[in-house]
**Q** 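The structure under discussion is supplied below as structure tokens; questions concerning it will follow.
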Amino acid sequence: MASATQKKPMRGYHLLALLPAIGLVAGIPFANRAEPYVLGLPFLLFWIVAWVVATSAIMGTIWLLDRRRAAPERAP
Amino acid sequence: MSISLAILGAFFVVAVVLGILARRGHDMNLEQWTVGGRGFGSVFVFLLMAGEIYTTFTFLGGSGWAYGKGAPAFYILCYGAIAYSLSYFLLPVVWRYAQPRRLLSQADFFIAKYESPALGIVVALVGVAALVPYLVLQLKGLGIIVSESSYGSIAPATAVWAGTAALVVYVVISGVRGSAWTAALKDVMILAVVVAIGVYLPVHYYGGYGPMFRAIEQAKPGFLSLSESGMSPTWFMSTVVLTALGFYMWPQYFASVYTARNEDVFRKNAVLLPLYQLVILFVFFAGFAALLVVPGLKGADADLSLLRVSKHTFGEGTVGLIGAAGLLTALVPGSMILVSASAIVAQNIYRPMATSATDRTVALVARGLVPVVAVIAALMALHGGQAIVTLLLMGYNVVTQLFPALLLSLGTRPRVSAVAAIAGIVAGEATVGVVTIMGLSIATLLPSAPQFVKDLNVGIVALIVNLVVLSVVALVTPRAARVRTEVPAVASAS
């Protein structure tokens, strides 16, 4: 319980979490076309799918880094 | 006809029985009923939060927009990913504050943070105002799904009333536990069904995704990218921002934060949920496949595309299974919304008025409100003509107005006064109301503005009005001048 309520400070690598918003908002005008088709998908859709997958990877990386910092008292 | 009906009926019964059984072993006081005794682990919280991903909104609305509008539908994939990356930081902070204070509703959070019961009532009213259209949307979807997949042998109105009755029964009995149990069944069904048809239809009719998209681009040039004006990149980006900020402002998802056993649950979910929502992609595929196979569905009828193409392609048994999955996508979010709306009215509107009410009475009032809210929503579902995505975007504009006040409250104490928070929310909602009722867009408000400004989602205007009013009032009413008031709702819940 003590570890569950522990406050976590913000760290530099937390800024990685801004990347999905950049790709999925600011990137849209640049990715807005049907050609070329990638994996059968129109380019805009492929761009979005790639960023959604990247979001998971980015958040997973942040989570792992956070866990490493808090490792000693963490139970599964 | 009878096979699909039998399958639909069987799943309906299983969902209701599961919902009722979820109560077992738990004394249903208000805390158990609304937030599951704060004992849910990763799996249940995951299922509750994933509830947003596969509601009738995605099942019918997602395929409907892919079919009717094309590329603008892709926004549905974007906002979730951004909201989840935000949730990694936001939700643990909310949970950490709510847990020791035994908060039950979203409004409780604002009351405790700003020490203002008045703000609580405002937030509660906003919550209910947004939840009712959301419930209407689920019931409307349920009516469509059941009548289509039973080949018309059950009328939409009958389906809406049967669904409403089922929701009332298991929500009154099991509260949020019923939602979590049926959510497990729903997610298995919907994964199987959506992936199966999203893979099968494009391959069967076009020989693969590439050929399908090329055929669509040839038949409707420009359909797979955003247009220069109207639903342009500016519309897309502003809509994604608004809906991402509003995502966790929905009272039922905000309150589902309280169900978690510990805060790490949210971090794990922030990693997994973006991948999980990719299943929406298969919903798009079904809608796109329908485009050239069952053409001609116009306006709100585009919501029927997934079911129409399924009926065109598969036998009755398969259609029954697809309908059953759709039925569950209406029942699960529907039950969460009902729990949330009833709890909010009882806890944050009734309790402050009836100061002598005990927890027992409030719990009784909450359950008594379930049928009332459900019947109102059912009546609205039967008498409105809006398409599903339109209804949801309206609700998003309403809940997003809570975001500035929430963000400003996250430090050890709020950065603005409660009066400023209230003023901002009220001004934002008033703008949403005027804009929605009069059907305004930025193009009508600022006819001489450049095109990219005209295409902004009009909800952005409401958010700007909200922020301006909030800032001005905050300057006039310094937070140090807050009046300390008793907080009856939170105090008696602890």
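What you are looking at is a predicted structure, and each value in this text was computed from that prediction instead of being measured. Chain naming here is simple, since letters A, B, ... match the order of the sequence lines and numbering starts at 1 in each.
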**Q** Please identify, among A:L44, A:L39, A:L19, the residue contributing the most non-hydrogen atom pairs under 4.5 Å to chain B.
**A**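 Heavy-atom pair counts peak at A:L44.
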**Q** Show the nearest heavy-atom pair for residues B:C78 and A:I48, with the distance to one decimal.
**A**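 Looking at all heavy atoms of both residues, the closest pair is SG-CG2, 3.6 Å.
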**Q** How far apart are the closest heavy atoms of B:M237 and A:I28, and which atoms are they?
**A**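 Nearest heavy atoms, B:M237 then A:I28: CG-CB, 4.1 Å.
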**Q** Restricting to non-hydrogen atoms, name the atom on A:V49 and the atom on B:L278 that form the minimum distance, rounded to 0.1 Å.
**A** CG1-CD2, 4.1 Å
**Q** So does B:V271 get a backbone contact from the side chain of A:S56, meaning a donor-acceptor N/O pair under 3.5 Å?
**A** yes
**Q** Between B:F236 and chain A, with a heavy-atom cut-off of 4.5 Å, which part of the residue counts as in contact: side chain, backbone, both or neither?
**A**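 Only the side chain of B:F236 comes within 4.5 Å of chain A.
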**Q** If we only count heavy atoms from C-beta on, is the B:Y88 to A:D66 side-chain gap below 4.5 Å?
**A** yes
**Q** Any non-hydrogen side-chain atom of A:M59 less than 4.5 Å from a side-chain atom of B:Y84?
**A**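 The answer is no; the side chains never approach within 4.5 Å.
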**Q** Show your working on side-chain contact (heavy atoms from CB on, under 4.5 Å) between A:H14 and B:F89 and close with a plain yes or no.
**A** CA-CA 9 Å; A:H14 285 167; B:F89 306 98; 3.5 Å; yes
**Q** Over all heavy atoms of both residues, which pair between A:A34 and B:S225 is shortest? Give the atoms and the distance, please.
**A** N-CB, 4.1 Å
**Q** Please classify the contact between B:F223 and chain A as side chain, backbone, both or neither, with a heavy-atom cut-off of under 4.5 Å.
**A** neither
**Q** Non-hydrogen contacts under 4.5 angstrom with chain A: give the residues of residues 203-213 of chain B involved, or none if there are none.
**A**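 B:Y209, B:G210, B:F213 fall under the 4.5 Å cut-off.
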**Q** I'd like to check the side chain to side chain contact (heavy atoms under 4.5 Å, CB included) partners of B:V458; sequence neighbours left out, ordered by chain and number.
**A**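 Here the qualifying residues are B:V435, B:I442, B:V461.
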**Q** If you count heavy-atom pairs under 4.5 Å with chain A, which of B:L86, B:L224, B:L272, B:I216 comes out on top?
**A** B:L224
**Q** For the CD1 atom of B:I82 and the CD1 atom of A:I22, what is their distance to the nearest 0.5 Å?
**A** 10.0 Å
**Q** Could you tell me which portion of A:L45 (side chain, backbone, both or neither) has an atom closer than 4.5 angstrom to a non-hydrogen atom of chain B?
**A** both
**Q** Could you tell me which of A:A54, A:P29, A:A57 has the largest number of non-hydrogen atom pairs under 4.5 Å with chain B?
**A** A:P29
**Q** Would you mind checking which part of A:I58 comes under 4.5 Å of any heavy atom in chain B, side chain (CB onward), backbone (N, CA, C, O), both or neither?
**A** neither
**Q** Around B:Q451, counting heavy atoms of other residues, nucleotides and ligands shown, do more than 12 lie under 6.0 Å from its CD?
**A** yes
**Q** Give, for atom CZ of B:R267 and atom CG of A:L64, the distance between the pair rounded to the nearest 0.5 Å.
**A**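 One gets 13.0 Å once the value is rounded to the nearest 0.5 Å.
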**Q** Under 3.5 Å, is there a donor-acceptor pair between the side chain of A:N32 and the main chain of B:L226?
**A**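 At least one qualifying donor-acceptor pair exists.
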**Q** At a heavy-atom separation under 4.5 Å, does A:L41 approach chain B through its side chain, its backbone, both, or neither?
**A** both
